[in-house]
Amino acid sequence: MFQPIAQLHQEEHRVASTTNSRSVVFVDGIRTPFGRAGKKGIYAETRADDLIVNCIRELVRRNPQMPTDRIDDVAIAATTQTGDQGLTIGRSAAILAGLPETVPGYAIDRMCAGAMTSVTTTAGAIGFGQYDLAIAGGVEHMGRHPMGEGVDPNPRFLADKLVDPSALVMGNTAENLHDRFPTITKDRTDAYAIGSQQKYEAARAAGKIAQTLVPSATRHAETGWGYATADEPPRPATTLEDLANLKTPFRTGGRITAGNAAGLNDGATAAIIAGEDTATELGLPIGMRMVGYSFKGVDPAVMGIGPVPATEKLLARTGLSINDIGLFEINEAFAVQVLAFLEHFGIADDDPRVNPWGGAIACGHPLASSGVRLMTQLSNHFKERTDVRYGLTTMCIGMGMGGSVIWENPNYTGEKA
């Protein structure tokens, strides 16, 4: 039976109205304090899923005007999706956090950019008009689940010479990046690492880091229950002399050390992502607007260069230039990776626009959680920096990728600070 023409036109209009793109905003972000992985770390006997549940609950507590039954999805990333990081962690964490059973969830893996991908994936659904609200984040308990746990790389990677053997060890890829950029010396990376520690400590002392943290319960069989209120990894007293004497575990006479790279860490992050119209309707804060995002593949043997082509692709797509970016949050997996990005774009090693509160070398890098830490910090910077219109969050990704997101400051006034 044929449908009346008028009815067909109504259905066409109805379909069109659900697919118009709309502004996507970062509402609020939170993270647990980050811990050192291992038996002596603060989260040694704390479950990974409990860490992400704590973040989700805190977002709900901090934003009581958000009806939890309006949440369209919960996307949570983990690089090692097994044990207490498995069981479709987005869905299991949503249930454990007390969200309505009608709220679905799923798991994401893009290694270090897991949380970043949780945000961009849910943002795509919001921009397409299919979601209004989502929770996106990531968790990594590297003490319970070391990077690469249970992985069985296909022998073709090496047998068919698809990748250089060094591509499977992140520290080796960082040494390779040093080889590609001979002007980036160990002295430069050590100096950058000290700067990261100092900037982090200054931000912590000023109370800026605390506003991004949700205190988290801990438990140890010997010492009992505890309460984590601060990041465990920072070493603010570190000196250049200290770093000069560290071992180079990935290469004899190499340049990568425990001092100029992020450590092995445990922690979780989560954020509320929404359509700007929905945020306005519900009275939710608008921390920043998403301008665009990009992911790009590179030679896995030099995965640290990934942020460069990802950012170039994104700048071209958005019509912006690197000079339009007033703040940078670059994940510090390795100092050499950050410096390669800065050198490529002609930015000074100590440019104050870069990681104003320090970075992962100081506070830690629990793999799949770090992308939302970058975003949460940028959103907080925007509150203070009304003279800055655009900011960038970017990171390198294991197996040879880079990811970048450009954000717009809703507090921008155009007046110089």
_salt_bridge(R188, E343) N-O dist < 4.0 Å_ = yes
*Would you please name every residue forming a ring pair (Phe, Tyr, Trp, His ring centres under 6.0 Å) with F345, sequence neighbours left out?*
F341
*By side-chain hydrogen bond (donor to acceptor under 3.5 Å, both in side chains) - contacts of D28 (at least two apart)*: R62, N63
*asked:* Would you say that M401 contacts C396 through its side chain, given a criterion of any heavy-atom pair below 4.5 Å between the two side chains?
replied: no
*Please indicate whether Q211 has more than 12 foreign heavy atoms, meaning atoms of other residues, nucleotides or ligands, lying under 6.0 Å from its CD.*
yes
*Does R353 have any side-chain hydrogen bond (donor to acceptor under 3.5 Å, both in side chains) partners at least two apart in sequence or in another chain, and if so, which?*
D351
*Short question: side chain of E140, backbone of A78 - any donor-acceptor pair under 3.5 Å?*
no
*Verify the distance criterion only: is there a donor paired with an acceptor across the side chains of H145 and Q81 at less than 3.5 Å?*
no
*Regarding T386 and N411, is there a side-chain donor-to-acceptor distance under 3.5 Å anywhere?*
no
*Is any side-chain heavy atom of L327 closer than 4.5 Å to a side-chain heavy atom of L378?*
yes
*Indicate yes or no: at least one non-hydrogen side-chain atom of V388 is less than 4.5 angstrom from one of Y412.*
no
*Name the one of L339, V302, V336, I305 that satisfies side chain to side chain contact (heavy atoms under 4.5 Å, CB included) with F181?*
I305
*Nearest 0.5 Å, what's the NZ-CD distance between K39 and E45?*
10.5 Å
_The test is side-chain hydrogen bond (donor to acceptor under 3.5 Å, both in side chains); show your working for T280 and D277 and say whether it passes._
CA-CA 5 Å; T280 300; D277 53 346; over 6 Å; no
Throw together a table of side-chain donor-acceptor distances under 3.5 angstrom for residues 366-373, partners on residues two or more places apart or in other chains.
residue : atom : partner : partner atom : Å
S369    : OG   : P366    : O            : 2.9
S370    : OG   : H365    : ND1          : 2.6
R373    : NH1  : Q377    : OE1          : 3.4

*Starting at OG1 of T318, measure out to CG of D324 and round the result to the nearest 0.5 Å.*
8.0 Å
*Is any side-chain heavy atom of L133 closer than 4.5 Å to a side-chain heavy atom of L284?*
yes
*A115 and G138: which non-hydrogen atoms are nearest, and at how many Å?*
CB-N, 3.9 Å
*Yes or no on side-chain hydrogen bond (donor to acceptor under 3.5 Å, both in side chains) for E232 and Y43, after CA distance, side-chain angles and deciding distance?*
CA-CA 10 Å; E232 190 177 24; Y43 298 130; over 6 Å; no
*For the side chain of S196 and the backbone of A193, is there at least one donor-acceptor N/O pair under 3.5 Å apart?*
no
*Under the 3.5 angstrom rule, does the side chain of D109 hit a backbone N or O of M111 as a donor-acceptor pair?*
yes
*Within the side chain of Q337, is there an N or O that forms a donor-acceptor pair under 3.5 Å with the backbone of N331?*
yes
_Using a 6.0 Å cut-off, check whether atom CZ of R235 has over 12 heavy atoms from anything other than its own residue._
no
*If you look only at pairs with a residue in residues 391-408, which of them pass as a side chain to side chain donor-acceptor pair (under 3.5 Å), with sequence neighbours excluded?*
T311-S404, R389-E408, T393-W407, T394-S404
*Taking the side chain as every heavy atom from C-beta outward, state whether M399 and F157 have any atom pair closer than 4.5 Å.*
yes
*K186 atom NZ, over 12 foreign heavy atoms within 6.0 Å*: yes
*side chain to side chain donor-acceptor pair (under 3.5 Å): which pairs involve residues 255-265, sequence neighbours left out?*
E175-R255, D179-R255, T189-N260, D190-N260
*Just one of L320, V405, L315, I406 clears the side chain to side chain contact (heavy atoms under 4.5 Å, CB included) bar with L392, so which one?*
I406
_Set of side-chain hydrogen bond (donor to acceptor under 3.5 Å, both in side chains) partners for D160, sequence neighbours left out_ = R156
*Side chains of M375 and M288: closer than 4.5 Å at any heavy-atom pair?*
yes
*Using a strict cut-off of less than 4.0 Å between a Lys/Arg side-chain nitrogen and an Asp/Glu carboxylate oxygen, indicate whether R31 and D231 qualify as a salt bridge.*
yes
_Ion pair check, E384 and K208, cut-off under 4.0 Å_ = yes
_CD on E149 to CE on M142, rounded to 0.5 Å_ = 11.0 Å
*Any side-chain heavy atom of Q85 sitting closer than 4.5 Å to one from H141?*
yes
*salt bridge (Lys or Arg N to Asp or Glu O under 4.0 Å) with D350: which residues, sequence neighbours excluded?*
none
_Measuring only between side-chain heavy atoms, which start at C-beta, is I108 closer than 4.5 Å to I76?_
no
*With a distance cut-off below 6.0 Å to the six-membered ring centre and an angular limit of 45° from the axis, does R204 pair with Y200 as a cation-pi contact?*
no
*Set of residues satisfying salt bridge (Lys or Arg N to Asp or Glu O under 4.0 Å) with respect to D73, sequence neighbours excluded*: none
*Sorted by first residue and then second, give each side chain to side chain donor-acceptor pair (under 3.5 Å) pair with at least one member in residues 86-100; sequence neighbours left out.*
none
*asked:* Rounded at 0.5 Å granularity, tell me how far OH in Y390 sits from CZ in F382.
replied: 10.0 Å
_Donor-acceptor pair, distance only, cut-off 3.5 Å: does the side chain of D50 make one with the backbone of T46?_
no
*May I have the step-by-step check of side-chain hydrogen bond (donor to acceptor under 3.5 Å, both in side chains) for D164 and S166, ending in yes or no?*
CA-CA 5 Å; D164 186 271; S166 62; 2.5 Å; yes
_Residues which pass salt bridge (Lys or Arg N to Asp or Glu O under 4.0 Å) with R289, listed by chain and number, not counting sequence neighbours_ = E276
*Quick one: which residue pairs count as a side chain to side chain donor-acceptor pair (under 3.5 Å) with a foot in residues 114-129, not counting sequence neighbours?*
R110-T117
